Structure formats: C-alpha cells, structure tokens
Chemist: 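Input: one structure, supplied below.
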Amino acid sequence: MSSYKKKVLEARKKILILTMEQEKEINEIYAKAADRLIDEILDLPDTSRTRIHDIDIARLLNDYTKDLYKQLYPNITDNMMESSIIQRQVILNFMDQVATDRVLSKIVKYNINNYSNSVVKTLIAGEYYKDGKTLSKRLWNVTKENSNKIDEFIKMNIAGGANARKLASDLNVLINPKNYIISNNFKAGFDSYRISYQAQRLARTSITHAATETQIQNAKKNPFNKGLKWNLSSQHSIRMHGKADICDDYNGKVFKPNEVPLQHPNCMCYFTEEVISIDSAIERINRWVDGGKDIELDELFNKRKLHY
C-alpha cells in the first residue's frame with residue numbers, strides 16, 4: 001500500500017472517531033438540557049391548566065430551545081472545521097512529497113489551507129445546498145421542533161391529570177438520552193433516542209460534507225487529480241438492512257470534481273481522491289522546473305505565489 005493510500009485510510013479513521021465522539025457530546029448536551037428543564041418543571045407551583053401556568057411552560061421551553069442551540073452550534077461548527085483539517089492533511093502530505101522544493105511546497109500548503117478554510121464558511125452559510133438554508137437556520141429548526149414535541153407531550157399529560165412529579169418522571173424517560181429507553185407512549189411521536197436524532201443527523205451530515213467539500217475544492221485545483229472515487233461505508237449494508245440505495249449505484253465510480261453527487265443526510269460513504277503516482281508527479285514537476293511548458297503547474301505555483 002502506498003504512503004498516500006495509508007494517509008487516506010488514516011484520515012477516514014479519524015473522521016469516524018470524530019463522528020462517534022460528537023454523538024456522545026450531543027447526547028450529553030441533550031441530557032444536561034433535559035435535567036435543567038425537568039428541575040425547573042418540578043419547581044413550578046402546580047400543573048393545573050391556567051393561563052399563568054401555560055406562560056411558565058412556554059418560558060421554560062423557550063429557554064430549553066435556546067440552551068440547546070447555544071450548546072449545539074459551536075459543537076457542530078468546531079467538528080466541521082476539524083473534519084476539514086483532517087481531510088486536508090491527506091493532500092498536504094501528498095504535495096509535501098511531490099513538491100520537494102521548500103519554497104514551492106510552502107506556497108502550495110499555504111493555498112491549500114486557505115481554500116480549505118473557506119469550505120467550512122461556505123457550508124455554514126448554506127451556499128453548499130440548493131435551499132440555501134444556513135447551518136444556524138437548520139439547527140434552530142431542529143431545536144424548535146424538539147421544543148414543540150415536548151410542549152405537545154406536556155399538554156397531553158396535564159390534560160390527563162398528571163402532577164409535576166409524574167410529568168417530570170415521564171419527561172425524563174422521553175427526552176433524556178442517558179436513559180435510552182423507548183417509551184410505550186408514542187403519542188408525542190418521539191422517545192429518548194429520537195429527541196436528539198435530528199441534531200445527530202445534522203451533525204453527522206455536516207462532518208461528512210465538510211470533509212467531502214474540502215476534497216472537492218482541493219481536487220479542482222490539483223493538477224495531479226484524476227477524479228474522486230465514491231466508496232461505500234463499511235457499515236453500509238448493515239445500516240441499509242441489506243437493501244440497496246443510490247449509494248450502491250455510485251459505489252466505485254470516479255467523478256470529476258465539479259460533478260460529485262451530494263451525499264444524502266446521514267450518509268457515511270466517503271470519497272478518495274484519485275491521483276497520479278508520487279513518482280509521476282515529481283517527474284512532471286521536475287520537467288516544469290527545467291523549463292518545460294505546463295499550464296496547470298503554472299497555475300498551481302506561479303499564480304498562487306502572488307497570494308503568498
């Protein structure tokens with residue numbers, strides 16, 4: 001296995017670890033938010049359906065929504081940036097091996113980092129998606145939906161005569177991921193896993209897209225690139241329960257950087273950048289250094305040097 005392929009697999013492993021760690025972090029955010037909400041409900045004077053009580057519940061849920069958002073947003077954006085950094089290291093390592101001249105290597109690395117940094121900003125701003133929704137808007141919608149489901153559940157339980165302690169106990173089962181208990185009461189349409197599901201899906205998708213878009217943008221500017229190859233996740237068949245989807249159709253195909261399909265939400269498939277061999281790249285650079293004509297390498301080094 002070439003050193004480049006090893007770096008590709010190392011990056012993939014790091015991104016998977018990042019995704020698993022993020023899942024734990026998000027569950028912890030939801031668990032703490034649930035604990036705070038339940039404590040505040042227990043502090044309410046009673047659970048009778050009065051206008052004042054409804055206002056109190058609305059206030060608590062509004063605080064819950066804001067609390068989730070404020071905790072989740074930096075978590076997701078930080079992990080998107082980390083995913084991009086992990087992915088860019090693959091091409092940085094490749095360029096380090098082919099651009100043996102110190103000055104040339106420095107110029108390329110500088111610009112690769114610049115291009116990669118803009119990727120996460122593009123994703124956060126929503127420019128990567130057809131609907132143009134920003135990450136902030138998507139996340140607020142998720143947390144607001146969580147709040148609405150809880151509000152529905154609270155109203156049903158109060159209407160059924162539940163007191164504060166019974167309500168708090170039921171909520172703890174339903175909205176605290178620490179329990180991982182699936183309730184038999186599906187009237188509110190969620191349980192202790194599903195309450196954080198949409199946030200988990202958004203976070204996982206954001207990490208995947210940050211890595212992929214980093215690859216795409218660097219591939220567009222890499223004269224040694226031959227395309228981006230779609231690879232199925234090792235868990236694809238298990239996640240699909242043996243069924244096939246569009247990912248199976250894409251598997252193994254090599255796409256031009258500007259024709260790469262958008263990975264669906266929750267997709268764990270990944271791309272590997274297909275490049276020429278390191279020896280071939282070095283040989284090409286040496287010919288260019290010796291005066292050979294190469295428009296792409298002029299673009300890679302000379303024009304980038306103006307920005308250094």
Side-chain angles (χ1 to χ4, degrees), residues 2 4-5 7-9 11-12 15-16 19 80-81 83-95 98 108 111-135 138 201-202 204-237 239-240 243-278 280-281 284 294-300 303-304:
S2 69
Y4 171 71
K5 292 292 185 182
K7 291 296 180 183
V8 169
L9 295 177
R12 173 63 178 164
I15 289 174
L16 288 175
T19 302
M80 287 171 68
M81 180 57 73
S83 177
S84 176
I85 290 172
I86 291 171
Q87 193 60 61
R88 84 182 65 167
Q89 289 302 318
V90 177
I91 192 62
L92 282 171
N93 179 265
F94 177 81
M95 288 299 182
V98 301
V108 174
N111 283 280
I112 287 174
N113 283 318
N114 268 0
Y115 290 131
S116 300
N117 286 337
S118 67
V119 164
V120 175
K121 293 178 182 178
T122 298
L123 290 171
I124 291 173
E127 297 170 17
Y128 187 64
Y129 306 102
K130 289 182 179 180
D131 62 12
K133 286 184 181 179
T134 64
L135 175 65
R138 292 178 191 280
R201 186 176 77 158
L202 176 62
R204 281 193 294 269
T205 303
S206 296
I207 280 182
T208 298
H209 287 176
T212 298
E213 185 62 8
T214 298
Q215 289 178 298
I216 291 172
Q217 293 306 316
N218 281 293
K220 287 179 179 178
K221 301 166 182 69
N222 181 2
F224 309 117
N225 174 269
K226 297 192 295 182
L228 291 168
K229 181 181 178 181
W230 186 292
N231 300 274
L232 290 180
S233 161
S234 61
Q235 298 297 306
H236 177 75
S237 181
R239 287 162 60 88
M240 290 297 298
K243 297 179 182 179
D245 66 359
I246 190 66
C247 298
D248 293 278
D249 294 335
Y250 290 150
N251 184 37
K253 290 186 178 180
V254 177
F255 299 91
K256 294 179 181 179
N258 61 345
E259 296 177 356
V260 174
L262 179 67
Q263 291 147 297
H264 61 76
N266 251 354
C267 184
M268 295 297 289
C269 297
Y270 64 100
F271 290 93
T272 49
E273 186 174 358
E274 300 297 298
V275 294
I276 65 175
S277 70
I278 290 174
S280 297
R284 182 175 168 185
D294 195 312
I295 296 175
E296 288 184 318
L297 289 182
D298 286 342
E299 288 277 341
L300 178 65
K303 288 190 177 181
R304 291 185 181 193

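Keep in mind it's a predicted model, so treat the numbers as computed, not measured. Values below: every heavy atom of this structure, side chains too, minus hydrogens, waters and symmetry copies.
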Chemist: Are the side chain of Arg284 and the backbone of Pro223 linked by a donor-acceptor contact shorter than 3.5 Å?
Modeler: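 Judged by distance alone, yes, a pair lies under 3.5 Å.
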Chemist: With rounding to the nearest 0.5 angstrom, report the SG to CD1 distance, Cys269 to Ile246.
Modeler: 11.0 Å
Chemist: Considering non-hydrogen atoms only, spot the tightest contact between Ala281 and Val98 and give its length.
Modeler: CB-CG1, 3.4 Å
Chemist: For Lys229, is there any backbone N or O sitting under 3.5 Å from a side-chain donor or acceptor partner on Asn231?
Modeler: yes
Chemist: Shortest non-hydrogen contact from Ala219 to Asn225?
Modeler: CB-ND2, 3.5 Å
Chemist: Can you give me the closest heavy-atom contact between Leu135 and Met80, atom names plus distance?
Modeler: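 Scanning both residues, the minimum pair turns out to be CD2-SD, 4.0 Å.
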Chemist: Side chains of Glu213 and Thr122 only: does a donor on one sit below 3.5 Å from an acceptor on the other?
Modeler: no
Chemist: Which side-chain N or O atoms in residues 87-94 pair as donor and acceptor under 3.5 Å with protein atoms at least two apart or in another chain?
Modeler:
residue, atom, partner, partner atom, Å
Arg88, NH1, Asn113, OD1, 3.3
Arg88, NH1, Asn117, OD1, 3.2
Arg88, NH2, Ser84, OG, 3.4
Arg88, NH2, Asn117, OD1, 3.1
Asn93, OD1, Gln97, NE2, 2.8

Chemist: Locate the shortest heavy-atom distance separating Ile86 from Ala11; write the atom from each residue and the value.
Modeler: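 Reported closest heavy-atom pair: CG2-O, 3.6 Å.
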Chemist: Over 60° means perpendicular and under 30° means parallel, so classify the ring planes of His209 and Tyr129, tilted if in between.
Modeler: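 Tilted, since the angle between the ring planes falls between 30° and 60°.
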Chemist: As an exercise, state the distance from CD1 of Ile124 to NZ of Lys121, rounded to the nearest 0.5 Å.
Modeler: 9.5 Å
Chemist: Nearest 0.5 Å, what's the CD-CG distance between Gln217 and Asn222?
Modeler: 12.5 Å
Chemist: Verify whether one side chain among Glu273 and Asn218 offers a donor that lies under 3.5 Å from an acceptor in the other.
Modeler: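 Result is no, nothing qualifies.
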Chemist: Roughly how far apart are Trp230 CH2 and Cys267 SG, rounded to 0.5 Å?
Modeler: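 Rounded to the nearest 0.5 Å, the CH2-SG separation comes out at 4.5 Å.
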Chemist: Write down the atom of Asp245, the atom of His264, and the distance for their closest heavy-atom approach.
Modeler: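 The pair with the smallest heavy-atom distance is OD2-NE2, 3.8 Å.
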Chemist: With side chains defined as the heavy atoms from C-beta onward, is the minimum distance between Ser277 and Tyr4 less than 4.5 Å?
Modeler: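 Contact flag for Ser277/Tyr4 side chains = no.
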Chemist: Closest heavy-atom contact between Lys226 and Val254?
Modeler: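 Heavy atoms only, the tightest pair is O-CG1, 3.9 Å.
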Chemist: Kindly indicate whether the side chain of Thr208, heavy atoms from C-beta on, has any atom under 4.5 Å from the side chain of Phe271.
Modeler: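 A side-chain contact is absent here, since even the closest heavy-atom pair is not under 4.5 Å.
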Chemist: Answer with yes or no whether the side chains of Asn266 and Arg204 bring together a donor and an acceptor at under 3.5 Å.
Modeler: yes
Chemist: Could you tell me the separation between the OG1 atom of Thr212 and the CD1 atom of Ile207, rounded to the nearest 0.5 Å?
Modeler: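 CD1 of Ile207 is found 11.5 Å from OG1 of Thr212.
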Chemist: As an exercise, state the distance from OH of Tyr270 to CG of Leu228, rounded to the nearest 0.5 Å.
Modeler: 13.0 Å
Chemist: Less than 4.5 Å apart, side chain to side chain, heavy atoms only: is that true for Asp248 and His236?
Modeler: yes
Chemist: Hey, is NZ on Lys220 packed in by over 12 heavy atoms from elsewhere, all under 6.0 Å?
Modeler: yes
